[in-house]
Amino acid sequence: MSESFYITTPIYYVTAAPSIGSAYTTVAADMLNRWHRQRGEQTFFLTGTDEHGQKVLQAAEDNGASPQEWTDRLVATEWQPVLEVIDAQPDDFIRTTQERHTTRVQKFWQGLFESGQVYEGQYEGPYCVACEEFKLPSELLEGGLCPIHERPVEQLSETNYFFPLSQYAEKLLALYEENPTFVQPESARNEVIAFVKQGLEDLSISRSTFDWGISVPWDERHVFYVWIDALLNYWTAAQDRADGRAPWPASVHLVGKDILRFHAVIWPAMLMAAGVAVPHQVFAHGWLLVGGQKMSKSKATAIRPSQVTDHFGSDAYRYYFLRAINFGSDGSFSWEHMSAVYTSELANGYGNLASRVTAMVGKYFDGVLPADEDHGPAEDALAAGMATAVARAEAAIDRLALHEAISATTDFVALINGYVTEQEPWKVAKDESARARLASILYSAAESLRAVAVLYNPVMPKTSAMLWESLGAAVALGELGEQRVQDAGRWGQLPAGSHLVKGASLFPRLLEEPDPVD
RNA sequence: GGGGCGGUAGCUCAGUCGGUCAGAGCAGAGGACUCAUAAUCCUUGGGUCGUGGGUUCGAGCCCCACCCGCCCUACCA
C-alpha cells in the first residue's frame, strides 16, 4: 500500500517579485515533498500564483499594463524562474487566471448558491469617494479619514453575496477539538481557536466595484472576492491529475502565519458547506526577520533569493533556511550568520568529511572500497548513530520539525568526523599488518556517508547527487532518489568493491565578500 | 481595549510531566593530529533564565502584576 502525500504552498500574490520570504515556504514544501517521495509515497506538490483582486489591478495600472499582461509578465519572469533558483520541483503550478481554475470556482460556488448556502445581503463599510473604493476600518486615520486623501469617508453599502460563515463556528471548533493537529503549531492553533470562539461573522464573497476577478455565474455584475477564489486553488488543481485520481484532501497546507485565518477558518468552512473533505493540516510557519524586522515584499528589506544563491548556491540556501530556523517560529536571517553556518557545517563539516574519506580510499585502496573485515565496537557505535539519525529525522518530519530532521543528519556528520579522527586511519595505514583494520575504518566512514547522502537528498539534492556519484553508489544501489529514507539506517548497504572517486568539493570555502544585502 | 507568541551565555537558540536545567551550536582561548576544503578532534561556558511578588520542601518551567518586542483583532492579499 502506498501512502499519498499532497502538500501546498500558498499561491503567491503577484504584486511584486518573490523574496526570500515566499521562497522560504516553497523550499520547505519542496523538502517535505521530496522526503515523502523518498519514502515511496505517492506525492503531489502544488504551488502557484494568486492573480485576481484589487491590489493586482492597482499594481498593473501603476505599471501601465492590463492586469492580465501584468500577471503574465511577472509570473513568467519572476515567479516561475525563482523555482529553479531555489531548486524546487512542484508537480503543478496553478495560476488563478487559468480557465481550469475559473470554471471550477464558478462551479463550486454555483453549487453552494443552488443549495441555498449563499444569500444576497448588504455589505456596509467606509468608502472614500475620491479613491472610489471601500476602505478597511483598520486603515483609516484618526477621526475616520481616508489615509490617502485625508478626508472623511462615507458609510456606504453595496449589495453583495454572502457566505454564512457564522453558522460554522461550532463545526470548526469541533474540527479543532477532534483533530488537534489540524492547525499547527500550537501557538497558531491557540490563536485560531480563540478567534473562532469569539463568534464569526458572515463573509461577503463578491465585489461589484471592480471587475478583475472571476465573475459570479448567477450574477455577472459581480466578481468573487479574491480569497474565495484563491483558496479553491488547492482543490481545483487536485482535479487535474491525469490519472483521474484527485489527491484529496491535502495533507498539509503550508502558510505564513499572516494568512492562517483564511486557511484555518474560512477554507474548511467552505469545504464543509460543499460536502468536500477538509485538509488534514494547516501549518503556519514564522517570519523571516532581517535586522529584527519582518521582511516585506514592498519594503526595501526584501531580499531576492538569487542574491543569496548566486553566492552560496541553492543547496546551501535550502539548508540554511530550513536548518537554522525553527520551522514554525520566527527566524533571523543575516548574511553573516549564513556565512558562518555555511563555513562551519557545510564546508568544514560535511564537505570536508566527504573529501577526506574519498581521498583516503583513493590513497590507500586505489579507490576501491574495501570490505568491513575487522568490525569493532567503534563501528558498532557508528552504525548505532546512523540508525539514530534516521529515526530522529523520520520522527521530526512527521511533526514538520524540518530543522530537527536536518539536525539529526548534521549531528551524524559530526559523529562521523569524530570517528575518523579517533580511528586515525592515516596511522593505521602505516602498519602493514593492520590492513583489515584500515579497511573497516574506511568502509565504515564511506558507508556512513551513504546514509548522509540519502538523508540530505531532500534538502540538498545537488550536492547529495555529487556525493552519491563520488561514492560510486549508483552501480550497486541504483539512483539516489530511489533510496528509501526509512531504510537508510540499515548498515552495510554500500558494497565492498564500489569505486570511490574524490570529486569536486561539495561546498568550496567561500571568500569573504561584503554583504550585498545591506 | 481584547487575543496569541516571545524576552535564557557576545550571537542564534534548546530547555518535554516543576526537583544534576542552568544547556547546545557559533564566535573566543588552550591543546592533539595531519587523511582532508589551514579542514578535523579534545578541553574550556559565574549568564540575577525581562522585572516584582506568590504557590511549593523545591520554579526558566505553575499563579498574579508590570515592562519590552512581534503578530492577530475579520472582508488588504
Side-chain angles (χ1 to χ4, degrees), chain A residues 10-15 50-56 58-59 123 125 133-139 160 162-163 165 185-195 197-207 225-228 230 256-262 265-266 284 286-287 289 292-294 297-298 324-326 328-334 336-337 340-341 343-364 403-404 407 410-411 414 416-429 441-442 445 502 504-510:
Chain A
I11 47 174
Y12 302 111
Y13 207 51
V14 289
T15 49
D50 182 10
E51 307 184 9
H52 292 302
Q54 204 160 2
K55 297 269 178 171
V56 167
Q58 189 63 49
Y123 173 71
E133 65 180 34
F134 282 97
K135 295 294 171 186
L136 299 176
S138 54
E139 68 180 336
N160 278 343
F162 281 78
F163 173 65
L165 184 65
E186 279 305 304
S187 55
R189 173 180 151 86
N190 292 342
E191 189 169 318
V192 167
I193 289 176
F195 173 74
K197 277 186 174 167
Q198 292 166 19
L200 299 173
E201 294 175 14
D202 288 351
L203 183 71
S204 147
I205 61 164
S206 73
R207 297 292 122 94
Y225 167 47
V226 63
W227 267 112
I228 289 306
K257 60 186 184 183
D258 52 334
I259 56 172
L260 173 63
R261 178 168 307 167
F262 297 94
V265 178
I266 297 173
W287 297 127
L289 306 176
Q293 298 282 308
K294 172 184 181 272
K297 270 192 287 196
S298 53
I325 294 168
N326 185 332
S329 308
D330 290 350
S332 305
F333 168 84
S334 74
E336 294 72 20
H337 189 222
V341 170
T343 301
S344 163
E345 298 181 5
L346 294 179
N348 296 352
Y350 177 33
N352 182 55
L353 174 65
S355 290
R356 64 199 299 216
V357 172
T358 52
M360 282 190 279
V361 173
K363 193 167 183 173
Y364 303 133
H403 55 290
E404 201 180 319
S407 297
T410 301
D411 291 348
I416 305 167
N417 259 325
Y419 167 81
V420 172
T421 301
E422 284 166 21
Q423 297 308 312
E424 302 179 307
W426 48 91
K427 279 189 183 169
V428 178
I441 296 167
L442 293 183
K502 183 185 173 188
S505 292
L506 262 30
F507 298 95
R509 284 182 72 81
L510 298 173

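Letters A, B, ... are given to chains in the order of the sequence lines, protein chains preceding strands, and every chain is numbered from 1.
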Would you measure the distance from the [atom1] atom in [N] across to the matching atom in [M] and give it in whole Å?
| N | M | atom1 | result |
| --- | --- | --- | --- |
| B/G69 | B/G53 | C1' | 23 Å |
| B/U37 | B/C76 | C1' | 49 Å |
| B/G25 | B/G45 | C1' | 12 Å |

Atom pair [atom1]/[atom2] of [X] and [Y] - distance to nearest 0.5 Å:
| X | Y | atom1 | atom2 | value |
| --- | --- | --- | --- | --- |
| A/Thr358 | A/Leu442 | OG1 | CG | 10.5 Å |
| A/Leu165 | A/Ile205 | CG | CD1 | 11.5 Å |
| A/Tyr350 | A/Thr410 | OH | OG1 | 10.0 Å |

Dot-bracket for RNA chain B, 5' to 3', counting Watson-Crick or G-U wobble pairs under 3.5 Å, with [ ] for crossing pairs and | for inter-strand pairs? (((((((..((((.........)))).(((((.......))))).....(((((.......))))))))))))....
Heavy atoms under 4.0 Å, any strand shown: does [X] hit a base, just sugar-phosphate, or nothing?
| X | answer |
| --- | --- |
| A/Asp202 | base |
| A/Leu260 | nothing |
| A/Glu422 | nothing |
| A/Arg261 | sugar-phosphate |
| A/Ser344 | sugar-phosphate |
| A/Gly362 | nothing |

Scan nucleotides 34-37 of chain B against the protein and return all N/O pairs shorter than 3.5 Å with their distances rounded to 0.1 Å.
{"unit_1": "B/C35", "atom_1": "O2", "unit_2": "A/Arg356", "atom_2": "NE", "d": "3.1"}
{"unit_1": "B/C35", "atom_1": "N3", "unit_2": "A/Arg356", "atom_2": "NE", "d": "3.4"}
{"unit_1": "B/C35", "atom_1": "N3", "unit_2": "A/Arg356", "atom_2": "NH2", "d": "2.7"}
{"unit_1": "B/C35", "atom_1": "N4", "unit_2": "A/Arg356", "atom_2": "NH2", "d": "3.3"}
{"unit_1": "B/A36", "atom_1": "O3'", "unit_2": "A/Lys502", "atom_2": "NZ", "d": "3.1"}
{"unit_1": "B/A36", "atom_1": "O2'", "unit_2": "A/Asn352", "atom_2": "OD1", "d": "2.5"}
{"unit_1": "B/A36", "atom_1": "N3", "unit_2": "A/Asn352", "atom_2": "ND2", "d": "3.2"}
{"unit_1": "B/A36", "atom_1": "N3", "unit_2": "A/Arg356", "atom_2": "NE", "d": "3.3"}
{"unit_1": "B/U37", "atom_1": "OP1", "unit_2": "A/Lys502", "atom_2": "NZ", "d": "2.5"}
{"unit_1": "B/U37", "atom_1": "O2", "unit_2": "A/Phe507", "atom_2": "O", "d": "3.4"}
{"unit_1": "B/U37", "atom_1": "O2", "unit_2": "A/Arg509", "atom_2": "N", "d": "3.4"}
{"unit_1": "B/U37", "atom_1": "N3", "unit_2": "A/Phe507", "atom_2": "O", "d": "2.8"}
{"unit_1": "B/U37", "atom_1": "O4", "unit_2": "A/Gly351", "atom_2": "O", "d": "3.1"}
{"unit_1": "B/U37", "atom_1": "O4", "unit_2": "A/Leu506", "atom_2": "N", "d": "3.2"}
{"unit_1": "B/U37", "atom_1": "O4", "unit_2": "A/Phe507", "atom_2": "N", "d": "3.2"}

For residues A/Ala284 and A/Lys257, report the shortest heavy-atom separation together with the two atoms involved. CB-CA, 4.0 Å
Closest contact, heavy atoms only, A/Pro425 versus A/Val420: CD-O, 3.2 Å
Any chance you could lay out the side-chain contact (heavy atoms from CB on, under 4.5 Å) test for A/Val14 and A/Asp50, step after step, and finish with the verdict? CA-CA 6 Å; A/Val14 289; A/Asp50 182 10; over 6 Å; no
Do [X] and [Y] come within less than 4.5 Å of each other through their side chains, counting heavy atoms only?
| X | Y | answer |
| --- | --- | --- |
| A/Phe507 | A/Asn352 | no |
| A/Ile11 | A/Glu51 | no |
| A/Arg261 | A/Trp227 | no |
| A/Ile325 | A/His403 | no |
| A/Ile266 | A/Phe163 | no |

Nearest-nucleotide 5' precedence on RNA chain B, A/Ile11 against A/Thr343: A/Thr343
Pairing residues for A/Asp411 by the salt bridge (Lys or Arg N to Asp or Glu O under 4.0 Å) criterion, not counting sequence neighbours: A/Arg392
Would you please name every residue forming a salt bridge (Lys or Arg N to Asp or Glu O under 4.0 Å) with A/Glu404, sequence neighbours left out? A/Arg399
Can you list the steps and then say if A/Val226 with A/Arg207 is a side-chain contact (heavy atoms from CB on, under 4.5 Å)? CA-CA 9 Å; A/Val226 63; A/Arg207 297 292 122 94; over 6 Å; no
Under-3.5 Å N/O pairs linking protein and nucleotides 10-17 of chain B:
{"unit_1": "B/A14", "atom_1": "OP1", "unit_2": "A/Asn326", "atom_2": "ND2", "d": "3.3"}

Under 4.0 Å from any atom of RNA chain B, heavy atoms only: list the residues of residues 186-194 of chain A that qualify, in numerical order. A/Ser187, A/Asn190, A/Glu191, A/Ala194
Given B/C75, B/A77, B/C71, identify the nucleotide with an atom nearest to the side chain of A/Phe262. B/A77
Chi-angle category of B/G53 [syn within 90° of 0, anti beyond]: anti
Given atom CD of A/Glu345 and atom P of B/U40, what is their separation to the nearest angstrom? 11 Å
Tell me whether the OP1 or OP2 atom of B/A77 has a side-chain N or O from A/Trp227 closer than 4.0 Å. yes
